[in-house]
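Notes to accompany the following structure.
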Number of protein chains: 2
Amino acid sequence: MMYYTVGEMAKRLGVAPSTLRYYDQEGLLPFVERSEGGIRVFKESDYEWLQVISCLKKTGMQLRDIKTFIEMAMQGDQTIEPRLALITKQKESVKAQIAELEETLRTLEFKEWYYNTAKENGTTSVPRNMTLDELPEEFREVRLNLRGE
Amino acid sequence: MMYYTVGEMAKRLGVAPSTLRYYDQEGLLPFVERSEGGIRVFKESDYEWLQVISCLKKTGMQLRDIKTFIEMAMQGDQTIEPRLALITKQKESVKAQIAELEETLRTLEFKEWYYNTAKENGTTSVPRNMTLDELPEEFREVRLNLRGE
DNA sequence: TCTTGACTTCAAGTTGACTTTAAGGTGTAT
DNA sequence: ATACACCTTAAAGTCAACTTGAAGTCAAGA
């Protein structure tokens, strides 16, 4: 069986060793064992826990809430339902985040068109003063929103 | 013509007045004028600037970089090209963020299936010990990644 | 005119997630 | 046995983006 030090595991995950020590200190890594001399010993299975922590972090979840999830997982099968509920909630949150970023993307695409048009004409006053029906149909709603209806 | 105080504009944008004062202090709102008595007077056109700032913030851009963009905009038509470049770069960044969130979403969907299966069987050991070909095809790659190939 | 509520500035405090520093211990290779 | 790289903890420092507090000013209504 393969074991890792904090430095090796950090490298594998692409994070700083101090980050893993900080997570451990915050109670996110109760599964990590220690050697006789007090050195952290990461097992192969710990990698999967760290990947799950990383996944939850990417959803924007705070460390304190990830800790709650890990603590539930440590209690075993009696916490399956709340863990499922937490995952489902986070899944919905990510869907909402994607929707918001797609909205932001539409605004940026409008702005890109805006500056491309400005560049072609040498001035922003051309795209700025266009009437609604002069601009590409897909940007009309975006501009209305930017200007507050 | 319609004018707003900091409190009114903050309400319209759904942020705290202190946030707008902070942005002003950081140089993000050079376009905001003042009354005789020194009170900020927001014009209708300032709303659009604030919406653009809000859009860039949603892309994860830092205030100092948003400030650079605003400063370029204040210089007028000679900065059209760098502004276009900045918008295009940010657009690519948002696309990458969406792609990453979609990857995260797939992992969460796997975890949701995992805990649903655990719930049905009363134990996580059922989904955990499944062989690759026992799990739904769309989750195989996700599990391989979680476990580090 | 006076009250009231919202405005002003400046400075200091908060939050979350790390990172750094200092002082010292571990473990492996020669 | 002695380097040497890497490990340990505790405490302090950093950063971005606000938020709060104190002390005072402005403007509209009674």
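Numbered from 1 within each chain, the chains take letters A, B, ... in sequence-line order.
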* Is Ser18(B) touching bases, backbone alone, or none of the nucleic acid, heavy atoms closer than 4.0 Å? -> base

* Residues Tyr47(A) and Arg12(A): side-chain donor-acceptor under 3.5 angstrom -> no

* Asked: In Å, rounded to the nearest 0.5 Å, how long is the span from NZ of Lys43(B) to CE of Met9(B)?
  -> 9.0 Å

* Assign the ring pair Phe69(B) / Tyr115(A) to parallel, tilted or perpendicular, where the plane angle (0 to 90°) is split at 30° and 60°. => perpendicular

* To do: Could you check how far CD of Glu36(B) sits from P of dT25(D), rounded to whole Å?
  => 17 Å

* Quick one: is Ser35(A) getting a side-chain N or O under 4.0 Å of the dT26(C) phosphate, OP1 or OP2? -> no

* Asked: Under the side chain to side chain contact (heavy atoms under 4.5 Å, CB included) test, which residues partner Lys91(B), sequence neighbours left out?
  -> Leu105(A), Leu108(A), Glu109(A), Glu112(A), Lys95(B)

* To do: Determine, for nucleotides 1-17 of chain C in 5'-to-3' order, which nucleotides have protein heavy atoms under 4.0 Å from the base (write B), from only the sugar-phosphate (write S), or from neither (write -).
  => ------SBB------SB

* Of Gln75(B), Arg83(B), Glu81(B), which is the lone residue that meets side-chain hydrogen bond (donor to acceptor under 3.5 Å, both in side chains) with Thr79(B)? -> Arg83(B)

* To do: Return the value, rounded to whole Å, for the distance between atom CG of Leu29(B) and atom P of dC18(D).
  => 12 Å

* Using whole Å, report how far CG of Leu56(B) lies from C1' of dA17(D). => 16 Å

* Asked: Rounded to whole angstrom units, what separation is found between the NZ atom of Lys11(A) and the C1' atom of dA5(D)?
  -> 13 Å

* Ignoring hydrogens and angles, tell me if any N or O in the side chain of Gln51(B) forms a donor-acceptor pair with the backbone of Asn145(A) under 3.5 Å. => yes

* Asked: Tell me: OH of Tyr4(A) to P of dC6(D), nearest whole Å?
  -> 17 Å

